[in-house]
Structure formats: C-alpha cells, structure tokens
Asks: 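There's a structure below that I have some questions on.
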Amino acid sequence: MTYTGDVQVGGPADVRELPKLSICKLAVGPFDNNAYLLRCTQTGDGLLIDAAAEADRLLALITDQPISAIVTTHQHGDHWQALEQVTKVTGAQVIAHPLDAPGLPIPVDRTVEHGDRITVGVVDLEVIHLRGHTPGSIALLYDGGDEGRHLFTGDSLFPGGVGNTQKDPERFAQLFSDVAERIFDRLPDDTWVYPGHGKDTTLGAERPSLPEWKARGW
C-alpha cells in the first residue's frame, strides 16, 4: 500500500515504512487532529507527536511496544487532550518548547529550543521553532538523506498556508518569516509535510503560493 496521508477520524492509520523509520498517521477527536507515531526500525523505540485525543485509539496504535517520548507541538488544547492518560500508561517523557510548556495539563520532562535534537532509537529529529501560531510552536524534521525529508509541522504549516494567527499582523509576519526562512529557504521541494490537521503536502506544492500568502496576510 502506498502512503497518502489521507486519514479519517474513526478510520485506520496510514503507515509509511522507511528503512530507518516507520510513520503512522492517525486522525483523532472532534477537531480532526493528526497524531503521528514514529518508530525506529532498528531498535523498536517509539515517539508520539501530539497525544491529541482518543487515548484508547492512540494506545491501541502504540500497542505494547515502548515509546520513549511524547512531543507536543504547541499548547492548544486540541493537541493534548490524551496526553495525561497516554503518559500514565506508557511512562514516556513529555517534551515541548518552554514557551508553551506551561499551557500543557501535566509537567514537561524536557524542554527543547530551536536547533535541538530529539532521538527515537537511532533516528535523529531536529526541532524547528516556528513562532506565531503560539509563542512556542515547534516542528520536527527527519532528514533521512536517501529516505527523504519528513517535516511534522503541527499547526504552523498546512496545505494552502501558514497556521492561524487570529488576524494579528505581527504574529502573521513572524510566522510567515519563520516558515519562509527556517523551512522553505533551506529544505528541498520533495520535503513531505505532515500537518496537525488534514491532508499532507510537500514544500514543492506550496512554494509557488508563498507570495500570495504574504500578500493576503493569513
């Protein structure tokens, strides 16, 4: 089966199998959130991005295999409704940016800044701080070389635009600048984008629209 990233709440996960990393995407909750389970193929260690909702379905996805960490991309409540329950069952370390950590329902075990690294097994993920949707929003980049680049953007980048900045021109300018400089200026068109809601995209599909996004201000 070819991975598409098209998932529905209540439906099965979509799985992308890379040589070093498996990526499982599951849609959960009333706001159609995406949760991503990353698992190192060499060690079996796992990492969950956004324990958004429906803890029972997330735990069924994890099964009895270990996960060492849960990364919350930002502090908005629809991205952490299942965090406490999944953490209790798995014992995973809770990770977030320090500016958004106080907004989470449980204490954060580790805070990460722009440029920090998070490991899952032998796989390395780079933290990219994208300011504007919230002060401490982060994306995670897996640069797999021949396996491609895989970017988990939370609510900072979607097909068709950057994340919601509540029509605040300063917040929009900051988010657009960060997305342009920290993502589009340094990563190739074939970089696959896994957002916090909805369908996936690639940087190549979105790049031609950057001037339009800037002009419209959202």
Side-chain angles (χ1 to χ4, degrees), residues 21 23 33-36 38 47-52 68-80 83 92-120 123-144 148-189 191-198 200-203 206-207 209-210 213-214 217-218:
L21 189 73
I23 300 169
N33 286 75
N34 296 324
Y36 298 94
L38 313 186
L47 176 146
L48 182 66
I49 300 174
D50 285 343
S68 58
I70 301 172
V71 177
T72 303
T73 58
H74 63 289
Q75 63 180 295
H76 286 161
D78 59 313
H79 289 259
W80 52 250
L83 179 61
Q93 183 183 52
V94 177
I95 301 175
H97 191 279
L99 293 178
D100 276 20
L104 303 189
I106 58 175
V108 169
D109 300 302
R110 177 188 172 194
T111 58
V112 289
E113 304 272 5
H114 181 67
D116 284 349
R117 302 281 172 164
I118 300 171
T119 57
V120 51
V123 172
D124 192 52
L125 306 171
E126 178 188 346
V127 176
I128 302 175
H129 186 195
L130 300 171
R131 300 158 291 187
H133 181 65
T134 66
S137 288
I138 56 174
L140 295 180
L141 172 66
Y142 169 52
D143 187 341
R149 284 87 176 168
H150 302 266
L151 183 67
F152 303 87
T153 57
D155 284 2
S156 292
L157 176 63
F158 295 99
V162 298
N164 189 358
T165 52
Q166 280 75 45
K167 300 182 179 180
D168 182 323
E170 290 186 4
R171 287 174 58 197
F172 171 78
Q174 180 68 79
L175 181 54
F176 182 85
S177 175
D178 279 0
V179 166
E181 295 172 5
R182 297 181 174 186
I183 293 177
F184 283 95
D185 286 355
R186 58 171 292 226
L187 296 173
D189 282 351
T191 301
W192 195 276
V193 176
Y194 305 80
H197 304 263
D200 298 355
T201 187
T202 64
L203 293 189
E206 306 304 322
R207 193 183 301 275
S209 300
L210 284 172
W213 300 353
K214 186 175 183 179
W218 57 272

Asks: What heavy-atom pair brings Leu83 and Pro105 nearest, and what distance separates the two atoms?
Replies: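 So the minimum-distance heavy-atom pair works out to CD2-CD, 4.2 Å.
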Asks: Treating Thr153 as the side-chain partner and Ser156 as the backbone partner, does any N or O pair qualify as donor plus acceptor under 3.5 Å?
Replies: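 No.
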Asks: Donor-acceptor pair, distance only, cut-off 3.5 Å: does the side chain of Arg131 make one with the backbone of Asp178?
Replies: no
Asks: Is the shortest heavy-atom distance from the side chain of Val127 to the side chain of Ile95 under 4.5 Å?
Replies: no
Asks: Would you give the length of the straight line joining atom CD1 of Ile138 to atom NE2 of His114, rounded to the nearest 0.5 angstrom?
Replies: 11.5 Å
Asks: Using a 4.5 Å cut-off on heavy atoms from C-beta on, say whether the side chain of His79 contacts that of Asp155.
Replies: yes
Asks: Which of these passes side-chain hydrogen bond (donor to acceptor under 3.5 Å, both in side chains) with Trp192: Thr201, Thr202, Asp200?
Replies: Asp200
Asks: Looking only at atom types and distance, does a side-chain atom of Thr191 sit under 3.5 Å from a main-chain N or O of Pro188, one as donor and one as acceptor?
Replies: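 Pair found, side chain donor or acceptor close to backbone of Pro188.
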Asks: With the side chain counted from C-beta on, respond yes when Leu38 and Leu125 share a heavy-atom pair under 4.5 Å apart, and no when they do not.
Replies: yes
Asks: Is there a donor-acceptor pair closer than 3.5 Å between any side-chain N or O of Arg149 and the backbone N or O of Asp143?
Replies: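 Absent.
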Asks: Which heavy atom of Ala101 sits nearest a heavy atom of Val108, and at what distance?
Replies: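 Taking every non-hydrogen atom into account, CB-CG2, 3.6 Å.
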Asks: Mark yes or no for whether His133, through its side chain, and Asn164, through its backbone, hold a donor-acceptor pair below 3.5 Å.
Replies: yes
Asks: Begin with the C-alpha distance, continue with both residues' side-chain angles, and end with the deciding distance and a verdict on side-chain contact (heavy atoms from CB on, under 4.5 Å) for Leu151 and Ile128.
Replies: CA-CA 10 Å; Leu151 183 67; Ile128 302 175; 4.0 Å; yes
Asks: For the residue pair Pro159 and Glu206, establish whether any side-chain heavy-atom pair is separated by less than 4.5 Å.
Replies: yes
Asks: Determine yes or no for a side-chain-to-main-chain donor-acceptor pair under 3.5 angstrom, with His129 supplying the side chain and Pro135 the backbone.
Replies: yes
Asks: Using the side-chain hydrogen bond (donor to acceptor under 3.5 Å, both in side chains) rule, take His74 and Asp100 through it: C-alpha gap first, then chi angles, then the decisive distance, then the call.
Replies: CA-CA 6 Å; His74 63 289; Asp100 276 20; 5.9 Å; no
Asks: Donor-acceptor pair, Trp80 side chain versus Gln75 backbone, under 3.5 Å?
Replies: yes
Asks: Do Asn34 and Asp50 pass the side-chain contact (heavy atoms from CB on, under 4.5 Å) test, and can you show the C-alpha distance, the side-chain angles, and the key distance before you say yes or no?
Replies: CA-CA 8 Å; Asn34 296 324; Asp50 285 343; over 6 Å; no
Asks: Mind listing the closest non-hydrogen atom pair of Pro195 and Gly198 along with its distance?
Replies: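 Closest approach of Pro195 to Gly198, heavy atoms only: CG-O, 4.2 Å.
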Asks: Would you give the length of the straight line joining atom CD1 of Ile23 to atom CZ of Phe152, rounded to the nearest 0.5 angstrom?
Replies: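 Ile23 CD1 to Phe152 CZ: 4.0 Å, rounded to 0.5 Å.
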Asks: For Glu170, look at atom CD and say whether over 12 heavy atoms of other residues, nucleotides or ligands are found less than 6.0 Å away.
Replies: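 Check fails, neighbour count at 12 or below.
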Asks: To check you understand the geometry: which heavy-atom pair defines the closest contact between Trp213 and Phe158, and what is its length?
Replies: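 Of all heavy-atom pairs spanning Trp213 and Phe158, the closest is CH2-O, 4.4 Å.
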Asks: Looking at Arg186 and Glu181, would you say the former's side chain and the latter's main chain have a donor-acceptor pair under 3.5 Å?
Replies: no
Asks: Could you tell me whether Trp218 atom CH2 has more than 12 heavy atoms of other residues or ligands within 6.0 Å of it?
Replies: no
Asks: What is the minimum heavy-atom distance between Tyr194 and His150, and which atoms define it?
Replies: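 That closest heavy-atom pairing would be OH-ND1, 2.7 Å.
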Asks: Report the residue from Thr73, Val120, Val71 that forms a side-chain contact (heavy atoms from CB on, under 4.5 Å) with Leu140.
Replies: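 With Leu140 as partner, side-chain contact (heavy atoms from CB on, under 4.5 Å) holds for just one option, Val71.
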Asks: Verify, without hydrogens or angle tests, whether Asp109 (side chain) and Val94 (backbone) share a donor-acceptor contact under 3.5 angstrom.
Replies: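 Looks like yes, one N/O pair under 3.5 Å.
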Asks: Quick check for you: to the nearest 0.5 Å, what is the distance between Leu141 atom CG and Ile183 atom CD1?
Replies: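 Going from CG on Leu141 over to CD1 on Ile183, the span is 8.5 Å.
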Asks: Any heavy-atom pair between the side chains of Leu130 and Leu175 that's under 4.5 Å?
Replies: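 Side-chain contact under 4.5 Å: yes.
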Asks: Quick check against the 3.5 Å criterion: does His76 have a side-chain atom that pairs as donor or acceptor with the backbone of Asp78?
Replies: no
Asks: Using the side-chain contact (heavy atoms from CB on, under 4.5 Å) rule, pick out the option among Leu21, Val123, Ile118, Thr119 that qualifies with Leu47.
Replies: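 Exactly one option meets the side-chain contact (heavy atoms from CB on, under 4.5 Å) with Leu47, and it is Ile118.
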